[in-house]
There are 2 protein chains.
Amino acid sequence: MPSSELARRLGPVSERTVRYRIERLIAEDIIHVGAIINPKALGLVVTADLWIEVVPGHLRRVAESLAALPQVSYVAYSTGERDLSIQVYARDTGDLHHFVSEVVGNIPGVARTSTMLVPEKVKDVHQWDIPELLPTASRTSESVRAQGGRT
Amino acid sequence: MPSSELARRLGPVSERTVRYRIERLIAEDIIHVGAIINPKALGLVVTADLWIEVVPGHLRRVAESLAALPQVSYVAYSTGERDLSIQVYARDTGDLHHFVSEVVGNIPGVARTSTMLVPEKVKDVHQWDIPELLPTASRTSESVRAQGGRT
DNA sequence: CGTGAAATGAACTCTTT
DNA sequence: AAAGAGTTCATTTCACG
């Protein structure tokens with residue numbers, strides 16, 4: 001939507017102001033604007049979640065190795081039984097199995113993995129919207145940056 | 001980036017063509033363009049993954065109930081030990097605990113939940129890029145649509 | 001707010017089926 | 001001949017400073 005249209009809807013505010021606001025939201029890492037690619041459209045019709053156990057001291061390095069892989073769309077640390085949680089895309093289950101056993105399994109520091117297929121997503125991050133009740137004006141951009149940019 | 005700039009970089013192609021292509025990618029659900037909100041910027045500094053067991057026959061209904069909740073950013077079916085995998089945002093761990101035990105726990109059909117904190121994300125969907133090696137021109141928009149729009 | 005740039009809609013071509 | 005992709009061009013609208 002053009003900024004001018006947004007300005008019209010927001011009421012008594014200039015189009016220039018709207019553009020400044022959007023710039024600020026992006027600069028302060030409050031929103032991220034971009035395109036998300038549908039892996040199914042590329043023939044990557046299989047999605048799976050992996051739990052990964054890592055030998056102590058290798059966690060960060062393993063996480064970054066995984067994040068660097070093109071099949072991997074999501075990597076996060078996790079508390080609890082497992083150390084890392086990742087999501088991967090594959091052409092088919094054979095492709096997935098090869099990836100888990102040959103690629104992930106051979107990253108130094110990976111102790112154990114377990115795989116769960118994700119047959120269908122019902123809701124995804126890009127659909128998440130701000131809860132109404134939230135006290136929105138609470139935090140400054142300073143505190144946001146201090147907490148780290150990652151969502 | 002303006003479409004005209006894209007057209008320049010793509011080589012011998014008109015700026016109008018570039019915009020038609022982008023329109024098509026969106027219409028055919030190959031890419032999704034939008035903004036992702038950083039929950040930390042809203043004071044939702046705690047992220048957690050939940051595994052949910054559902055009593056047989058209630059799966060779809062429970063999944064949709066969860067997806068409707070504003071605290072929930074991600075809902076997916078899962079094979080294996082658990083039926084559903086979701087991600088939630090909370091103000092703090094107290095808020096999270098209340099949400100899990102009072103809100104999720106009271107959805108009819110939810111049999112069991114287990115919660116894992118997500119201390120930090122290393123890579124996320126919006127950072128995922130198309131693997132180079134992929135045979136990109138393979139599938140038509142028909143087959144994409146037939147596979148369903150969900151990513 | 002004025003100006004240059006970008007988006008839009010419509011007509012036309014080319015190719016493929 | 002019909003559908004799809006790309007081009008050109010006139011007009012409206014927007015983004016930028």
Side-chain angles (χ1 to χ4, degrees), chain A residues 1-46 70 73 89 91-92 121 124-130 136-137 139-142 144-145 149-151, chain B residues 1-42 124-151:
Chain A
M1 180 190 303
S3 298
S4 49
E5 172 64 19
L6 256 177
R8 263 173 244 128
R9 299 198 192 182
L10 284 175
V13 61
S14 82
E15 165 267 335
R16 192 66 183 97
T17 299
V18 169
R19 261 180 312 110
Y20 276 139
R21 287 185 187 174
I22 293 173
E23 277 174 28
R24 231 163 52 228
L25 288 170
I26 295 170
E28 292 172 2
D29 196 38
I30 295 169
I31 63 172
H32 171 90
V33 177
I36 291 178
I37 305 161
N38 179 358
K40 294 197 197 310
L42 306 172
L44 299 169
V45 298
V46 171
S73 64
Y89 300 138
R91 258 181 283 266
D92 50 51
K121 292 184 186 176
D124 212 343
V125 229
H126 65 263
Q127 294 165 33
W128 184 72
D129 202 3
I130 302 178
T136 51
R139 60 206 5 254
T140 68
S141 48
E142 294 310 318
V144 171
R145 272 195 289 272
R150 300 203 155 109
T151 48
Chain B
M1 179 189 306
S3 297
S4 51
E5 172 62 19
L6 255 177
R8 262 172 247 130
R9 300 198 192 183
L10 284 175
V13 62
S14 80
E15 163 266 339
R16 192 68 181 92
T17 298
V18 169
R19 244 165 320 89
Y20 276 139
R21 286 185 186 174
I22 295 173
E23 278 175 24
R24 227 180 303 140
L25 288 171
I26 295 170
E28 292 172 2
D29 197 37
I30 295 169
I31 64 171
H32 171 91
V33 177
I36 291 177
I37 305 161
N38 179 357
K40 293 197 198 312
L42 306 173
D124 212 343
V125 230
H126 65 262
Q127 293 165 33
W128 184 72
D129 203 2
I130 302 178
E132 311 268 325
L133 309 168
L134 226 52
T136 50
S138 55
R139 63 209 0 257
T140 67
S141 49
E142 292 311 318
S143 63
V144 170
R145 271 196 288 274
Q147 245 151 27
R150 300 203 157 106
T151 48

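These values consider heavy atoms only, across backbone and side chains, with no hydrogens, waters or symmetry-generated copies. A, B, ... follow the sequence lines: proteins, then strands. Residue 1 opens every chain.
Residue-level contact check: A:Arg19 touches the bases, meaning some heavy atom is under 4.0 Å from a base atom.
The two residues A:Leu6 and A:Met1 have their closest heavy-atom pair at CG-SD, 3.7 Å. Here the closest non-hydrogen pair linking A:Ser73 and B:Trp128 is CA-CD1, 3.8 Å. Nearest heavy-atom pair, A:Val45 versus A:Arg91, reported as atom, atom and distance to 0.1 Å: CG2-O, 3.3 Å.
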Close N/O contacts between protein and nucleotides 7-10 of chain D (under 3.5 Å):
{"residue": "D:dT7", "atom": "OP2", "partner": "B:Ser14", "partner atom": "N", "Å": "3.0"}
{"residue": "D:dT7", "atom": "OP2", "partner": "B:Ser14", "partner atom": "OG", "Å": "3.0"}
{"residue": "D:dT7", "atom": "OP2", "partner": "B:Thr17", "partner atom": "OG1", "Å": "2.1"}

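The phosphate of C:dA6 has neither OP1 nor OP2 within less than 4.0 Å of any side-chain N or O from B:Ser3.
Between the P atom of D:dA15 and the CD atom of B:Glu5 lies a distance of 18 Å, rounded to the nearest Å. Here D:dC16 presents its C1' atom at 10 Å from CD of A:Glu23, a figure rounded to the nearest Å. The interatomic distance linking B:Glu28 (CD) with D:dG4 (P) rounds to 10 Å, in whole Å. Between B:Ile22 atom CD1 and C:dT8 atom P the separation is 10 Å, expressed in whole Å.
Proximity note for B:Arg24 (side chain, C-beta onward) versus D:dC14, C:dA6, D:dA5: the nearest is D:dA5.
A side chain to side chain donor-acceptor pair (under 3.5 Å) with B:Tyr20 is found for one member of B:Arg16, B:Arg24, B:Glu23 and no other, namely B:Arg16.
Looking at heavy atoms from C-beta onward, A:Asp124 lies out of side-chain contact with A:Ile36 at the 4.5 angstrom threshold.
To the nearest 0.5 angstrom, B:Asn38 atom CG is 5.0 Å from A:Asp29 atom CG.
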